Structures are given as structure tokens and as C-alpha cells.
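Predicted model only: the values in this text are computed from it and were never measured. In what follows, every chain begins at residue 1, and chains take the letters A, B, ... in the order their sequences are listed.
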Amino acid sequence: MQYNSKVIEKVWQNFWREHKSFEPSEDFTKEKKYILSMFPFPSGRLHMGHVRNYTLSDAFARYYRQQDFNVLHPIGFDSFGMPAENAAIKNGSHPKKWTYDNIDYMKNEFYALGFSFSKERELATSDELYTKFEQAFIIDMYEKGLLYRKKGLLNWCPHDQTVLANEQVVEGCCWRCDTPIVKKDMNQYYFKITQYADELLSDLKKLEGGWPKQVLTMQENWIGKSNGLAFDMFFDDASLLKLQHSFKSFDVFTTRPDTIYGVSYTALAPEHAIVSYMITNALLPEDVIAQIKMMKTASSIERQKEKSGIALGLDVLHPLTGKKVPVWIANFVLMDYGSGAVMAVPAHDERDFDFAKKYDLPIHAVIKPFEGELPIDKAYTEVGELFNSGEFSGLNSKKSQYNIIKYFEENNIGKKTTNYKLKDWGVSRQRYWGAPIPFVHCADCGLVMEKKENLPIALAHDIEITGEGNPLDNHPTWKHCKCPVCGKDALRETDTMDTFVESSWYFLRFCASKANWEKEAFSKEQIAYWMGVDHYIGGIEHAILHLLYARFFTKVFRDLGYIQFDEPFLKLLTQGMVLKDGAKMSKSKGNTVDPDAIIAKYGADTARLFILFAAPPTQELEWNDSAVDGAYKFIKRFYERSAHVESTNTLPIIEHKALTKEEKFARKKVYEALVRANDVYTQKYTFNTLIAGVMEAMNALNAQNNLDVWSEGYWILSSVMEPVIPHVCWEISSRCFSRHNLGVQKVLDEVFQEESVMLGVSVDGKRRTEIEVDVDASEQNIKALALEKAAKWLEGLEVKNAILIPKKLVNIVTKG
RNA sequence: GCGGAUGUGGUGAAAUUGGUAUACACGCCAGACUUAGGAUCUGGUGCCGCAAGGUGUGGAGGUUCAAGUCCUCUCAUCCGCACCA
């Protein structure tokens with residue numbers, strides 16, 4: 001009996017396809033599990049990260065099928081996006097052809113890996129049918145006021161020639177191509193995600209336990225809620241005059257109202273409206289204007305290098321003391337947070353301190369430590385006691401915040417305010433390969449929505465992709481249309497949507513059965529049955545972007561009445577990266593391992609086994625060729641030793657008491673593996689330990705030669721391992737058990753009942769020897785035996801106590 | 001700087017959550033079978049030591065009969081955020 005992965009894997013892959021083994025049932029009375037992996041971008045071929053991702057979800061899906069659940073385990077392709085267009089520029093291929101060719105290739109790879117995806121529900125987000133429903137949702141969102149268009153300062157990637165959302169800028173660079181981004185003033189569509197900021201934050205609590213803590217923290221920090229005080233700073237008379245009375249004040253936000261008496265200057269962002277006004281109206285010297293322009297055009301990285309500022313020659317009046325406070329421009333003040341203006345308290349804020357030192361501005365301390373001296377060479381940012389703070393002097397600084405905010409509110413000079421770091425999601429992209437935004441610009445009616453019956457607004461396909469400009473905009477006819485309201489000639493919006501829009505609702509689309517695909521995006525009934533996703537598996541790199549957007553869409557869809565829950569993903573498993581030689585696999589480093597080559601050499605089962613065995617799912621996985629070899633050898637042994645099994649359609653009945661020690665041990669190991677399997681599949685996800693347990697059981701089986709024990713062992717082990725190495729298990733199961741063993745397995749308690757146990761004996765916590773005792777031996781007898789056995793180590797010592805931990809050890813205590 | 005995580009043999013990693021540290025596997029060593037072996041099987045393998053024994057979970061303390069696990073301090077590595085007022 002020779003193991004041949006190629007033959008076996010082909011047989012069962014064909015079998016599963018012919019029998020449609022992995023299609024979910026429409027019987028909504030059955031208990032369900034929705035197992036989902038983050039779907040891939042069709043980049044051409046699978047990499048090991050994909051293999052890990054889908055091996056994990058496949059293990060869950062197959063396990064729950066065996067447990068008799070109705071399992072939805074779908075797959076699709078996140079198939080819009082810039083790489084298709086970049087490939088077009090490079091090779092002259094059409095993005096559509098490139099994309100769908102890649103999808104076909106990758107589907108074959110999925111097939112060769114034995115993944116139990118529903119074939120019927122496969123989709124690509126670039127399918128026009130998908131675009132149709134997406135555009136309809138966009139229209140709904142616009143009607144709800146959740147989508148708007150405005151001009152603003154945007155993150156522009158000079159390489160990809162498009163704008164990016166804040167979340168898509170990583171360390172000042174484009175998340176895709178690493179090019180430093182620059183700010184550009186443009187028209188852009190936004191989703192009003194900030195309207196949901198508070199709910200997105202508070203609902204994180206509902207995910208505790210189901211999501212990794214790390215991801216929850218990252219989302220919390222990203223939303224960045226902070227409470228504080230907002231108030232107006234009014235200009236003095238001289239400044240009003242200088243500003244030609246165009247501004248009488250500006251708004252500032254602080255989270256430290258307790259430091260209000262320490263304000264010694266104020267700072268505006270270089271982009272602030274007052275600054276712009278002064279530039280436009282030539283209220284500043286030419287060289288100062290030039291400096292400000294430099295400051296504005298500097299990349300965010302440059303801007304962070306060193307603090308710099310310019311005095312504007314204006315003063316405002318302190319809201320409580322009425323004293324003059326100078327107004328500066330400072331490069332560290334961000335226009336898109338709060339109001340783009342801050343009150344500066346150098347004595348109690350590190351940034352303000354650095355700035356004040358550099359420009360020799362006054363520093364007024366108003367908080368002192370409860371004990372010890374106030375530091376003079378740095379800002380004191382801790383809690384302390386207020387002084388020089390008018391009627392608030394003497395208060396605890398933390399507690400005084402409440403009093404000070406209350407004072408501002410009572411006197412109508414400011415109010416309690418909450419700010420978020422989260423910004424609205426800029427969603428338009430000036431690129432071709434994406435879903436068109438379904439709007440029309442009409443000279444008479446303005447910006448109007450396309451009619452739903454005209455959807456989808458599909459892309460033009462006879463386009464030229466050169467990398468210059470927007471192909472839809474350059475197309476001779478595509479953008480010309482009739483206004484859906486007045487019927488006159490009008491122009492289509494040529495921007496397309498961010499591809500994160502598609503991945504924000506694909507998990508809902510999967511709930512729709514193919515029969516209804518044309519008719520509706522999904523039905524309420526289908527959603528109610530399948531959602532939420534019971535296990536969502538994917539990379540940690542989506543901790544913020546995709547997962548935040550998908551949560552947002554879920555809440556919006558709920559408020560639109562389509563669904564009735566708040567959170568889409570009940571449990572999230574974030575897999576670690578796949579490494580080779582200690583580094584992330586990448587083409588540039590030349591350390592990639594091609595899944596196709598592994599399948600060709602060892603088969604899919606080996607690849608799957610290695611990936612699950614080498615490390616727990618959340619940890620990094622170091623690729624190791626000889627360990628892959630080891631996985632292969634295990635499967636080979638597992639298969640070849642199934643020759644010991646006598647064919648049967650029922651679990652052999654064994655009289656446990658009549659067995660030899662080795663036989664009993666083998667049964668115990670087999671059932672231990674079963675117990676562990678249930679625990680791993682449902683709670684712990686540490687597949688490495690499950691596989692180790694199965695290996696132990698195999699070793700124990702091999703140390704005995706009772707055919708019934710062999711058969712029972714294989715009955716259970718090939719069921720337990722089926723989610724991991726399905727092909728070889730179906731082969732064994734089919735040959736030996738006519739597949740009757742693939743299903744729920746009962747744990748037999750009798751195999752765990754033992755007549756005697758080994759106990760460790762330690763003296764003062766140090767292990768010395770061991771004893772074998774009957775399970776029902778009395779504590780006294782056990783201790784006596786332990787003392788006798790440990791006599792050698794007790795010479796000259798006085799025994800004070802002995803502690804028995806049942807079934808574990810006896811610890812003999814001698815010292816006082 | 002802030003936040004999170006991780007440190008256990010030559011390597012990937014276990015440890016039922018305070019109870020016999022190193023399961024399982026890779027590697028290595030020895031043996032068997034073999035014309036041959038990068039196949040297969042058997043045995044061994046934390047470190048020091050001939051041995052008795054000693055020692056050992058990044059480091060230093062502490063709590064406990066008992067600590068990889070709990071507490072305090074510290075070092076290292078990785079990840080995320082980063083002038084958010």
C-alpha cells in the first residue's frame with residue numbers, strides 16, 4: 001500500500017465536485033455555522049499566506065460539517081483595484097482580462113488544495129451584478145445623508161495618481177506602493193463614518209472575547225475619542241483692525257482645561273482660514289508668506305522632524321484673565337483635528353514647551369506636584385495641584401477640569417466637546433478599475449443620483465490605459481449621458497469607488513443563494529439565518545481598514561433596514577505571517593515558497609498539515625523544508641498503517657478490561673486526541689497540539705497489535721484529522737469504513753479509568769522519584785509509600801509535612 | 001514617546017492555567033535491514049559530570065509546601081500608533 005498523493009487527491013477532489021459536497025443547504029431549521037476567510041485580491045497566484053488563511057477556515061468548515069451543522073464556507077475575489085491597472089500599463093493587457101484570467105488560475109489552486117468552498121456562491125466584486133447592488137446601496141446612503149461631496153485637502157499618491165483615505169496612509173506613505181503622499185486640494189466623495197464614531201467605539205465592547213484584544217485596541221486608538229473643552233479666542237482691537245474685521249475670533253479645543261491659566265500663546269495650523277485670508281489679502285510680508293507656503297507643502301514626514309513657527313503679529317485675549325496672548329502659526333498644529341488651532345501651555349505640554357523654548361516664549365506654570373519640586377527643564381504633564389489659577393487655585397488638577405468646563409458653560413464662553421481622530425472616509429478614486437460612482441453632474445440640477453433601474457453603471461471596456469489621467473474621463477463617449485432628473489445632456493461622474501467598499505459588504509452577499517442573485521442583493525431571511533459570521537479569519541493587516549469599514553457598513557445597512565444586527569463578525573482569528581529565513585516571504589527577497597510546487601512535490605494534505613502543525617495560527621509561521629518533509633512522512637505512515645485496519649461499518653466494540661497495558665494505553669491516547677480535537681476546533685484553535693495528540697495516539701497504536709484497537713483508532717483519528725488532511729482521510733475512511741466514521745464521535749469515559757497512577761515524589765519541591773499507587777489508595781498509604789521511597793533523600797532531615805496532589809504528586813516538606 | 005505582544009533545548013514548539021518543565025515534530029547520534037540510501041524500522045538526545053549528583057524556562061528579587069505560570073524591578077526582540085492639543 002503505497003501512498004500516492006496525486007492519485008488520492010484527484011479522486012476525492014473529483015468526488016466532492018461531482019457530489020457538490022460543500023454547498024450549504026437551504027434548510028434554515030438546521031443549526032448553522034458561517035465560516036469566512038478574508039477573500040483575496042486576484043494577484044495571479046496564491047502565496048503561502050493565502051494557503052494558511054484558507055487551510056484554517058477549511059478546517060473549521062469541515063469540522064462543523066462533521067458535527068452536522070449547515071455550513072456556509074464561501075469564497076470570492078476582491079477583484080477591483082490598482083494592480084490590475086498597473087499590469088495593464090506595464091503589459092498592455094486589459095484589466096478585465098488580467099483579472100479574470102488570474103481568478104481562473106487561482107480557482108484551480110483552491111481546488112488543488114482541497115478547500116471546501118461553496119462553488120455556487122463564488123463571486124468577483126468586479127462582476128457587473130455585484131456593482132449593480134453596490135451602486136444601489138450607494139444611492140441609499142446618499143439619500144440618508146451618509147455620502148457627500150466636498151472640496152478638501154486630500155492625501156494624494158503621486159505614483160498611483162489617486163487620492164487615499166487617512167487609513168490608507170501608512171507612516172506618511174501610500175499603503176500600496178510606499179510613495180510619500182502629498183496634500184492636494186480636490187473634490188472628493190466622503191462616507192460619513194464619523195456619524196458612527198461613537199457607536200463604532202462603544203460596540204467594540206460587544207466584540208470582547210471574540211476578537212483579539214490587540215485589534216480592539218487598534219480600532220479604539222484609531223477612532224481616538226477625546227473629551228475636552230472648546231472655546232473662542234477673541235482678537236484684541238489692534239488685531240481686529242489688522243484683519244479688517246473679517247474675523248473676530250477663532251475656536252480652540254483642549255483636553256486640558258485645567259491648564260487654562262497657563263496659556264502663554266496660541267497656535268494656528270498653516271492651513272487655517274485666518275492664515276489663508278492674511279495671505280490672500282497680502283496682510284503679511286512676502287518672505288513670511290513664502291515661509292508659510294513652504295510649511296504647507298512639506299510632506300508630513302518633514303513636518304514632523306522639527307517644530308517651527310511664525311508670529312502673526314496678532315493677539316487674542318485670554319478668556320478668563322483678559323490678558324493679551326500672541327498668535328503664532330505652528331507646523332505641528334494639524335488642520336484636520338479639532339479646529340486647527342490650539343491654546344499653548346508650555347509649562348504643561350511637551351510640544352508647547354519645545355516650541356516656547358525655540359522661540360523664547362513665556363512659560364507660566366499653574367500646576368505643581370503634590371510632593372516635590374516642579375521641574376524647570378521640561379513640561380510637567382502629571383496630575384497636581386493648581387496654583388496661579390484664580391478661583392480654581394488649590395484644586396486637584398484632574399478634578400478641576402470639571403469645574404472649569406462648568407464655569408465656561410455657565411458663562412457661555414465655551415462648552416464641553418468630544419473630538420475624534422477618525423475622519424470621514426474619502427471614497428473616490430481617480431482610477432479606472434473600480435466601481436463607478438453612480439452620480440451625474442447636470443448643469444441645471446447639479447449633482448444628482450442615477451436612477452436605480454439604470455444600474456449598473458458599468459465601466460467602459462474600450463479604453464486606453466496609459467497611466468496618464470483617468471481613462472473614463474478620457475473616453476470619447478462614456479461620460480456623456482442624460483440627466484436622470486431633467487433629461488438634458490449631462491456628464492457622469494468619472495471617479496470610481498475605493499475598493500474597500502466592495503469588501504465592506506461581500507460577507508452579506510454570500511448569504512444570498514444563487515437562485516436569487518439577479519433579483520436581489522440578499523434577502524432578510526437569508527441574512528437573519530446566516531449572519532453573523534461565526535469565524536472570520538484573516539491577516540492582522542486588516543485590523544483597522546477593512547474591519548472598521550465593514551463594521552461601519554453593517555451599522556449603515558442596519559439603519560437602512562436591510563439587516564438587524566450591529567456587528568458582522570462574532571469571532572475573529574488573525575493569523576500570523578508566513579516567514580522564510582526569519583523574514584516575510586517576498587519576491588524582492590527571493591525567499592518565497594510556491595504553493596503549486598509544494599502540492600506537486602508532496603500533495604495538498606502535506607502542505608495543509610505542515611501549516612497547521614508548525615505553529616499556532618496567531619503566531620508567525622517559519623517555513624522549514626525538512627519539517628515539511630516530516631509532515632509528508634507522517635501522512636505516508638498514517639496511510640500505510642491503515643493496512644492494519646479491518647473493514648467495518650461500525651465502531652468496534654471492545655472489552656476494555658480484557659486488554660493489555662499497551663492496548664489500553666493506545667485507546668486512551670486515541671480518545672485523548674478526540675477530546676482535544678473538540679476543544680481545539682471549538683475553543684482554542686491550537687491545531688498544532690491537536691496534531692501532536694494524533695501523532696501520540698499513532699505512536700501508541702503502533703506499540704500494540706490488537707486489530708480492534710487499530711480499527712477503533714483509525715475510525716476516530718481519520719475523522720478527527722479529516723478537517724486537516726481531508727484527502728487521505730476520505731481515502732482511508734472510504735476504504736475501511738465506507739465513510740461511516742465521518743461524523744460526530746462519542747467519547748468513551750471507560751478508557752480514562754485506570755487502576756493505578758504514577759505519582760511524582762518531591763522533597764521540598766524538588767522532584768526525586770516516583771511511585772505507582774492504586775487510584776483508590778488512601779492518602780495515608782500514599783504518603784507512607786512516598787516517605788519510604790524517598791527515604792534516601794530524607795536522611796538527617798525532619799519531615800514536617802507531606803502534601804498530596806491527587807493523581808499528580810506528593811511533596812514532602814522538611815524545612816521550617 | 002504611547003499602546004500591545006513575545007522571550008522555554010541545536011530548531012519549530014508543548015505544559016490540563018500554581019502541581020513530575022521540554023509533549024509532538026525537525027535536526028543530530030547509534031543500531032538494524034539493504035548492492036545502495038537524502039527510503040524504512042528500532043533506540044538515544046536540555047546542559048555540566050565517568051558517576052552519585054548538580055543545574056536549568058532572557059536577567060535580578062519576592063510570594064508559596066510547590067512558580068515557565070502570580071507580584072516587583074530590569075533587559076532584549078517584534079508589531080501597531082505616533083506632534084490628535
Side-chain angles (χ1 to χ4, degrees), chain A residues 170-172 212-218 220-222 224-226 228-229 252-256 259 266-267 269 300 303-307 330-334 336-345 348-352 354-355 419-423 540-541 543-544 576-577 609-610 613-616 618-631 633-634 636-637 640 672 675-676 679 686 688-699 702 758-770 792 800-816:
Chain A
V170 180
E171 288 175 12
K213 232 176 118 183
Q214 190 194 173
V215 176
L216 296 175
T217 311
M218 282 166 79
E220 189 184 326
N221 292 341
W222 189 263
K225 182 177 181 170
S226 54
L229 170 70
V252 298
F253 171 72
T254 179
T255 54
R256 294 292 306 272
T259 63
T266 62
S300 57
R303 229 169 117 161
Q304 281 178 36
K305 274 185 191 151
E306 204 193 335
K307 292 187 175 47
N331 68 343
F332 68 88
V333 179
L334 307 173
D336 53 11
Y337 185 77
S339 57
V342 299
M343 62 174 222
V345 186
H348 305 296
D349 182 284
E350 281 164 26
R351 294 156 303 179
D352 298 345
D354 293 345
F355 193 84
N419 255 310
Y420 296 90
K421 224 175 82 177
L422 182 71
K423 309 282 184 313
I540 185 86
E541 64 272 21
I544 293 173
M577 280 192 300
L609 181 66
F610 168 75
F613 182 52
T618 53
Q619 258 177 57
E620 287 174 340
L621 173 77
E622 174 72 28
W623 193 267
N624 179 322
D625 289 329
S626 57
V628 175
D629 226 55
K633 285 178 193 167
F634 171 77
K636 192 169 143 68
R637 265 199 308 274
E640 287 169 3
E672 268 177 13
V675 169
R676 191 183 275 184
D679 196 29
T686 48
N688 53 330
T689 63
L690 153 61
I691 294 162
V694 170
M695 286 173 170
E696 284 180 57
M698 275 297 292
N699 291 344
N702 205 42
M758 300 298 291
L759 297 183
V761 177
S762 46
V763 177
D764 295 327
K766 206 164 282 186
R767 186 179 181 277
R768 292 302 184 184
T769 182
E770 60 184 12
K792 184 179 165 187
K800 294 250 161 107
N801 196 5
I803 291 160
L804 170 68
I805 307 299
K807 295 186 179 170
K808 303 272 184 196
L809 57 81
V810 182
N811 188 21
I812 300 166
V813 186
T814 66
K815 48 195 176 189

Counting only side-chain heavy atoms from C-beta out, which of [options] sits nearest to [X]?
X      : options             : value
A/A692 : B/G19, B/C81, B/C24 : B/C24
A/Y337 : B/G12, B/A85, B/C24 : B/A85
A/V813 : B/G27, B/A85, B/C65 : B/C65

Exercise. What is the glycosidic conformation of B/U17: syn, defined as within 90° of 0, or anti?
Worked result: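 Syn for B/U17; the angle stays within 90° of 0.
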Take atom [atom1] of [X] and atom [atom2] of [N], then tell me their distance rounded to the nearest Å.
X      : N     : atom1 : atom2 : value
A/L609 : B/G12 : CG    : C1'   : 14 Å
A/D679 : B/A15 : CG    : P     : 11 Å
A/R767 : B/C65 : CZ    : C1'   : 17 Å
A/E620 : B/U11 : CD    : P     : 17 Å
A/L334 : B/C81 : CG    : P     : 16 Å
A/N624 : B/G10 : CG    : C1'   : 13 Å
A/M577 : B/U6  : CE    : C1'   : 14 Å
A/D354 : B/A82 : CG    : P     : 20 Å

Pick the [atom1] atom in [N] and in [M], then give their distance to the nearest Å.
N     : M     : atom1 : answer
B/U20 : B/A30 : P     : 35 Å
B/C70 : B/U17 : P     : 14 Å
B/A14 : B/A36 : C1'   : 38 Å
B/U57 : B/U8  : P     : 12 Å
B/U55 : B/A21 : P     : 13 Å
B/A32 : B/C26 : P     : 22 Å

Seminar exercise, completed: Its contact letters, B for base, S for sugar-phosphate only and - for none at protein heavy atoms under 4.0 Å, make nucleotides 37-53 of chain B read --SSSS----------S
Exercise. Is A/K800 side chain donor-acceptor paired with the B/C65 base, going by distance under 3.5 Å alone?
Worked result: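 No, the side chain and the base share no sub-3.5 Å donor-acceptor pair.
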Exercise. Taking N and O atoms by type only, does the side chain of A/K808 place a donor or acceptor under 3.5 Å from a partner on the base of B/U16?
Worked result: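 Donor-acceptor pair under 3.5 Å: yes.
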[X] vs [N]: side-chain N/O to OP1/OP2 distance below 4.0 Å:
X      : N     : result
A/Q619 : B/A13 : yes
A/N688 : B/A14 : yes
A/S226 : B/A85 : yes
A/K807 : B/U16 : no
A/N811 : B/U20 : no

Problem set entry | Flag for A/N419-A/S226: side-chain donor and acceptor within less than 3.5 Å |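 Note: A/S226 and A/N419 side chains miss the donor-acceptor criterion.
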Exercise. Out of curiosity, A/E640 CD to A/K633 NZ, how far, rounded to the nearest 0.5 Å?
Worked result: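 A/E640 CD to A/K633 NZ: 12.5 Å, rounded to 0.5 Å.
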Exercise. Can you tell me if A/T686 uses its side chain to pair, donor with acceptor, with the backbone of A/N688 under 3.5 Å?
Worked result: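 Side chain of A/T686 to backbone of A/N688, a donor-acceptor pair under 3.5 Å: no, none is there.
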Problem set entry | Runs of at least three Watson-Crick or G-U pairs with RNA chain B, cut-off 3.5 Å |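 Only these stems qualify: B:1-7 with B:75-81, B:10-12 with B:24-26, B:27-32 with B:40-45, B:46-48 with B:53-55, B:58-62 with B:70-74.
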For this session: Could you tell me whether A/E350 atom CD has more than 12 heavy atoms of other residues or ligands within 6.0 Å of it?
Result: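 Open.
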